[in-house]
Amino acid sequence: MKGNVLKLSEKHALSVEALTIAFPHGDRLLVALHGVTLDVKRGELVCVVGASGSGKSTLLNVLAGLERPSNGRAHVHGRVALMFQEAALLPWLTAAGNVELALELRGVRNPARSRMAAELLHRVHLDGFEKRRPHELSGGMKQRVALARALAQDADVLLMDEPFAALDAITRDLLHEELERLWTQTGLTILFVTHNAREAVRLGDRVLVFTSRPGRVAHEVVVELPRPRSLDSPELAVIAGRITDRLKQEMRDGG
Ligand code: ADP
Ligand code: MG
């Protein structure tokens with residue numbers, strides 16, 4: 001099923017080692033990440049939570065091969081798919097067309113391609129919306145299409161950059177359930193970035209708490225609450241509260 005054959009000895013789906021990245025900023029350098037080290041095991045769902053500007057997107061960009069590290073290494077074993085806050089669908093294509101394009105880029109031909117696109121849209125509960133164009137879909141529906149498109153890439157690792165940040169609370173709740181279900185079914189490895197501690201605890205096997213700029217892993221929380229978790233449960237709120245305190249502390253220390 002997977003496009004990439006992984007060696008059995010490869011326990012980690014992605015690894016980052018002493019990663020530092022600095023950007024030119026006027027006549028100085030802006031250090032976005034400094035000495036980030038982390039591993040994500042195959043099939044794990046790990047959340048990164050950090051304040052705005054702590055380098056979360058930069059980390060994903062490096063993992064996706066869009067930015068080069070100044071120092072250190074970042075490596076993903078297998079194929080990567082990305083998802084952002086904006087669904088970034090092609091406006092002139094239908095929902096099915098957007099998913100089919102990802103399949104086409106993988107070399108899937110018709111009639112298999114149309115059948116697979118319909119099946120993927122079914123998996124994200126978009127039956128009946130296949131022929132709609134992006135402007136005819138709600139924000140949540142657009143992210144469902146983006147999720148189907150990510151699945152169409154048959155990736156091993158899904159990198160998600162605040163994908164649900166722009167959605168209303170109820171829609172976000174439903175998409176958390178959807179994502180968890182797809183993750184359980186596919187065995188995908190997911191690195192999920194958010195600035196929302198509750199969302200991180202809702203989804204993550206582990207939560208990595210980033211420092212403010214420059215970003216690095218300040219703290220790791222292993223979330224042992226049974227799944228599926230409720231965003232509103234008191235147990236979840238306690239863990240998220242501790243993480244939020246930690247983030248506030250980091251922001252005060254960082255200035
Ligand atoms: P986050 O996603 O946590 O909000 P980012 O990774 O977007 O943080 O950004 C971290 C810092 O790096 C910010 O100060 C941002 O302005 C800077 N930065 C990110 N990408 C670039 C770039 N390509 N060139 C210059 N500065 C950048
Ligand atoms: Mg960001």
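Start at 1 and go down the list; that is how both ligands and their atoms are numbered. Note that the numbering runs from 1 along the sequence shown for the chain.
Using modelled atom types, one side-chain atom of Arg113 and one backbone atom of Val108 make a donor-acceptor pair closer than 3.5 Å.
Closest to atom 7 (O) of ligand 1, if we only count protein heavy atoms, is Ser57 CB, 3.7 Å. For atom 6 (O) of ligand 1, the closest non-hydrogen atom of the protein is Thr58 OG1, 2.6 Å. Regarding atom 14 (O) of ligand 1, its nearest protein heavy-atom neighbour is Arg213 NH1, 3.0 Å. For atom 8 (O) of ligand 1, the closest non-hydrogen atom on the protein side is Gly55 N, 3.1 Å. Looking only at protein heavy atoms, the nearest one to atom 16 (O) of ligand 1 is Leu30 CD1, 5.0 Å. When only non-hydrogen protein atoms are considered, atom 1 (P) of ligand 1 lies nearest to Gly53 N, 3.5 Å.
Numbered from 1 in the order shown, with element, the atoms of ligand 1 that lie under 4.0 Å from a heavy atom of Ala51 read 3 (O). Contact atoms of ligand 1 toward Ser52: 4 (O) (distance under 4.0 Å to a heavy atom of the residue).
For the pairing with Leu147, the side chain to side chain contact (heavy atoms under 4.5 Å, CB included) check across Leu120, Leu121, Val124 returns one residue only, Val124.
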Please lay out, stage by stage, how Glu180 and Arg202 fare under the test salt bridge (Lys or Arg N to Asp or Glu O under 4.0 Å). CA-CA 10 Å; Glu180 192 165 55; Arg202 163 70 184 85; 3.2 Å; yes
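Between Phe23 and ligand 1, not a single N/O pair is under 3.5 Å apart.
Only the side chain of Glu67 comes within 4.0 Å of ligand 1, counting heavy atoms alone; its backbone N, CA, C and O stay farther away. Contacts with ligand 1 closer than 4.0 Å are made by no heavy atom of Asp161, backbone or side chain.
Here the side chains of Val99 and Val145 are in contact, with some heavy-atom distance below 4.5 Å. Using a 4.5 Å heavy-atom cutoff, the side chains of Leu174 and His125 are not in contact.
Coordination check, Thr58 versus the Mg ion (ligand 2): failed, since every N/O/S atom of the residue sits at 2.8 Å or beyond.
Ring planes of Phe164 and Phe192: tilted class, angle from 30 to 60°.
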